Amino acid sequence: MVELAGGPPVSMTRVEVEYCVPCGMANRAVDVSRAILTQFGESIAEAALVTGDDGIFVVRVDGTVVFDLSEDTYDVDAIVRAVRPHISL
């Protein structure tokens with residue numbers, strides 16, 4: 001929770017990109033995190049990179065999966081669009 005001047009506390013959003021290290025998905029995870037930070041900047045509290053394995057590449061917003069490579073096609077712009085409805089701008 002963050003308290004803005006003169007207002008009530010505001011819950012800040014956490015975006016998490018979990019990616020497969022052995023699969024070499026680090027660059028994709030960085031690209032997605034960079035795009036999210038560029039688009040939403042100060043509207044989120046954190047953009048976290050989380051290491052994983054077994055082919056995982058999942059983007060979560062406050063614990064809710066908004067992108068899963070096992071179900072969706074990798075597209076940075078589409079991932080950013082999937083994150084947008086969960087961000088309070």
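Worth saying up front: this structure is predicted, and the values here are computed from it rather than measured.
V83 is connected to V30 through a chain of hydrophobic side-chain contacts under 4.5 Å among Ile, Leu, Val, Met, Phe, Trp and Tyr, so both are in one cluster. A single hydrophobic cluster is seen to contain both V15 and L37, as judged by linkage of ILVMFWY side chains at heavy-atom distances under 4.5 Å, directly or through other members. By the criterion of side-chain heavy atoms lying less than 4.5 angstrom apart, applied directly or through intervening Ile, Leu, Val, Met, Phe, Trp or Tyr residues, V58 is not grouped with V61; the two fall into different hydrophobic clusters.
Minimum interatomic distance between T13 and I87 (heavy atoms only, all atoms of both residues): CG2-CD1, 3.7 Å. Closest heavy-atom contact between E16 and R60: OE2-NH1, 2.7 Å. Between G55 and M25, the closest heavy-atom pair is O-CE, 3.9 Å. Pairing each heavy atom of E18 with each of G52, the nearest pair is OE2-CA, 4.2 Å. In terms of heavy-atom proximity, V76 sits nearest to D31 at CG1-O, 4.3 Å. Residues R28 and F57 come closest through the heavy atom pair CB-CE1, 3.7 Å.
Contact of the Y74 side chain with the I79 side chain is registered, since non-hydrogen atoms from C-beta on lie closer than 4.5 Å.
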(request) For the pair F40 and V80, evaluate side-chain contact (heavy atoms from CB on, under 4.5 Å) and give the outcome as yes or no after the intermediate values. (result) CA-CA 9 Å; F40 304 114; V80 170; 3.9 Å; yes
(request) Would you sort out whether V50 and Y19 count as a side-chain contact (heavy atoms from CB on, under 4.5 Å), showing the intermediate values? (result) CA-CA 6 Å; V50 179; Y19 64 98; 5.9 Å; no
(request) Show your working on side chain to side chain donor-acceptor pair (under 3.5 Å) between T73 and D75 and close with a plain yes or no. (result) CA-CA 6 Å; T73 302; D75 178 335; over 6 Å; no
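Separation of atoms CZ (R14) and CD1 (I44) is listed at 10.5 Å; rounding is to 0.5 Å. Atoms CG and CD1, from L69 and I56 in turn, are 10.0 Å apart once rounded to the nearest 0.5 Å.
Around atom CD of E42, no more than 12 heavy atoms belonging to other residues, nucleotides or ligands sit under 6.0 Å away.
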